Each structure stands twice: as structure tokens, then as C-alpha cells.
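See below for the structure under consideration.
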Amino acid sequence: MELLDIEHRGRVLRGALHTPQTTPAPAVVLCHGFGGNRAEFGYAFVRLAERLARRGIAAYRFDFAGCGDSDGEFADLTVSDQVEQAVAVLDAVGAHPAVDPARVSLMGMSLGGLTASLAAVRRPVRALALWAPAAAAAAMGEEGAARRAAAIEANGYDDFGGLPVYRAFAEDAAAIDPFADAAGHTGPVQLVVGSNDFVLPPDLIEEYRRLYGDRLDLHVIDEVGHGFETVPAREHLLDLTEAFLAKHV
């Protein structure tokens, strides 16, 4: 593993590149969720990156701007900016001497999953792995959007589980169609979600079915929510994604 910093619009995005013994190798860029960091829940990204490296696949996990160790302010976080960051990271990782630039893939958790799905149409990627992508962040119903707007008007932010959602994020997300704007990726897609996930309900899963068709490898893990909150569920999640990426990258 080596620390690898990437500059984007005057900010340093800090991350770690895990490389296999034989290079140049295929690579996967890992995008963390809202308010998270490059380790992800239960160090899931660290463990996935280590597993992939043992499989001969490089993995780069990084902190989005305003998160973790990267430069920037959390108040400036928007989906569109994260997509731009992911594209810059794809370019930088593809240019690394340990990476085969023709064999780069993307994966993401929650808001990182939404980000990855949108970035995958900006650069050709071999495969796309999504853990509970937060399509709802850009597909809020009228009632939810009105409640969020009222909270931001009253307090300056909407409280999302202890993390502030600011006006810039809400306005940017409202202009994004998480499905139409993700059309264009032509490779295989894995989608893993918990059966009790309030962020990705069945109607949005169906939208992903329509978007990706027979290229979609869908797995629903029973009795867990958005964060895959049991040890067996998280082990199964890692097993599924390791196997999918090893097959398709």
C-alpha cells in the first residue's frame, strides 16, 4: 500500500493505493458514502482493497473533498462536485505505472454509489459495483423535498442522522436524474442492498433494473439495513463484490 494524493481544483484528495505483486494490474476506484471516509464502515474498504490486491487487482480508496483527510469544507459537498472528483481520480489512477489504464473499474457505497454510477458515463470503466446507492438523494419525493427545504430555511441545514445537509447539496441534487444521468455505462453492474434499507426502497431498485437490464447482478441481503449491520452480512457483501470484480475487471 502507498499513500497517493491527487489534486483537484486546488484541493488535495488524499488516498491509499493497494497494489498486487504483479503490475501493471487492473484497478478499482472505491468511493465512500456521505460523511464517510476511505476506510468505510467497519473498515470495509480496507478489507476489500486488501482482498482485491491478493487477487491481482489494484484498489484506490480516497477521501472526497471535505471528508476524512482531504482538503475542502464539508459544507461545500455536492454530488456534482463528487462526480468531478471521481473522474479526476479515475484519470490519475489510470496514469499510475502500477495500473493498466484500459482496465479500470468503479465501486461505491451509498452516496459514493450514486457518484460512481454518474462518473461511469464520463469515463469508460470495465465494471461498476454499487453498495446501496443513494439514488434517493437526487430523487426525493415532493414531501421529502419540502421538508428538507423547510429545515434548511429554518436552521441553515437539514439534519440527516447527525450530518448537516446544506442548501448547495440540496439544490445540486435536485437537478440530477440518478437514472437518466447514469445511462451510458455499458459494462456489467453489481447492486447489493439490504432488505430493510430505507435509503434504497423497492421502487428505486426497480429503476436500476430498468436502467441496467440483463447486465445487472442484483443481490438483496436479508434482515439488514443501509449499512449492512451484521458481521455475516458484511462478510457476504465483501465475498460478493470481490467475486464480481475479480470476474469482470
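Note that the structure is a prediction, hence the values are computed from the model and not measured.
In this structure, Gln190 contributes its side chain and Leu240 its backbone to a donor-acceptor pair below 3.5 Å. Under a 3.5 Å cut-off, the side chain of Thr19 and the backbone N or O of Ala58 do not form any donor-acceptor pair. Using modelled atom types, one side-chain atom of Tyr60 and one backbone atom of Leu4 make a donor-acceptor pair closer than 3.5 Å. A donor-acceptor pair is defined here as one N or O able to donate and one able to accept, closer than 3.5 Å; such a pair exists between the side chain of Arg103 and the backbone of Val249.
Residues Val189 and Leu211 are not in side-chain contact: their nearest non-hydrogen atoms beyond the backbone lie 4.5 Å or more apart. The side-chain heavy atoms of Phe228 and His236, taken from C-beta on, include no pair separated by under 4.5 Å. Inter-residue side-chain proximity for Phe169 and Leu111 is flagged as met; some heavy-atom pair is nearer than 4.5 Å. Side-chain contact between Arg61 and Met1: present, with at least one pair of heavy atoms (C-beta onward) separated by less than 4.5 Å. Contact check for His18 versus Phe45: no side-chain heavy atoms found under the 4.5 Å cut-off. Here the side chains of Pro188 and Asp217 are not in contact, with every heavy-atom distance at 4.5 Å or above. The closest side-chain heavy-atom distance from Tyr212 to Leu218 is not below 4.5 Å.
Residues meeting the salt bridge (charged side-chain N to carboxylate O under 4.0 Å, His left out) test with Asp81, sequence neighbours left out: Arg11. Residues satisfying the ring-ring contact (aromatic ring centres under 6.0 Å, His included) criterion with Tyr43, sequence neighbours excluded, are absent altogether. Not counting sequence neighbours, the partners of His248 by the ring-ring contact (aromatic ring centres under 6.0 Å, His included) test are Phe244. Looking at residues two or more places apart in sequence or on another chain, you find a side chain to side chain donor-acceptor pair (under 3.5 Å) between Asp91 and Arg123. In this view, His32 and Phe64 satisfy the ring-ring contact (aromatic ring centres under 6.0 Å, His included) rule, not counting sequence neighbours. Asp239 is linked by a salt bridge (charged side-chain N to carboxylate O under 4.0 Å, His left out) to Arg51, counting only residues two or more places apart in sequence or in another chain. With sequence neighbours left out, the ring-ring contact (aromatic ring centres under 6.0 Å, His included) criterion links Phe179 to Tyr208.
Residues Glu50 and Arg47 are not paired through a salt bridge, judged by the lack of any N-O separation under 4.0 Å between the basic side chain and the carboxylate.
Applying the salt bridge (charged side-chain N to carboxylate O under 4.0 Å, His left out) test to every pair with at least one member in residues 192-203, sequence neighbours left out, gives no pairs at all. Sorted by first then second residue, the salt bridge (charged side-chain N to carboxylate O under 4.0 Å, His left out) pairs that include residues 12-40, not counting sequence neighbours, are Arg14-Asp71, Arg38-Asp63, Arg38-Asp69. Within the structure, salt bridge (charged side-chain N to carboxylate O under 4.0 Å, His left out) pairs that include any residue of residues 167-192 comprise Glu153-Arg167 (at least two apart or interchain).
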Distance-only criterion, 3.5 Å: show the donor-acceptor pairs between side-chain atoms of residues 126-147 and protein atoms not counting sequence neighbours.
from   : atom 1 : to     : atom 2 : distance (Å)
Trp131 : NE1    : Thr241 : OG1    : 2.8
Arg147 : NH1    : Asp158 : OD1    : 2.9
Arg147 : NH2    : Asp158 : OD2    : 2.8

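Other residues sharing the hydrophobic cluster of Val231, ordered by chain and number and joined by side-chain separations under 4.5 Å: none, the residue standing alone.
Between Gly56 and Pro26, the shortest heavy-atom distance links the atoms O-CD, 3.7 Å.
By the neighbour-count criterion of 12 heavy atoms within 6.0 Å, atom CD of Glu73 is sparsely surrounded, having that number or fewer from other residues, nucleotides or ligands. Under a cut-off of 6.0 angstrom, the local environment of CZ in Phe74 is crowded, with over 12 non-hydrogen atoms contributed by other residues, nucleotides or ligands.
Leu106 and Leu118 end up in different hydrophobic clusters when Ile, Leu, Val, Met, Phe, Trp and Tyr side chains are linked at under 4.5 Å.
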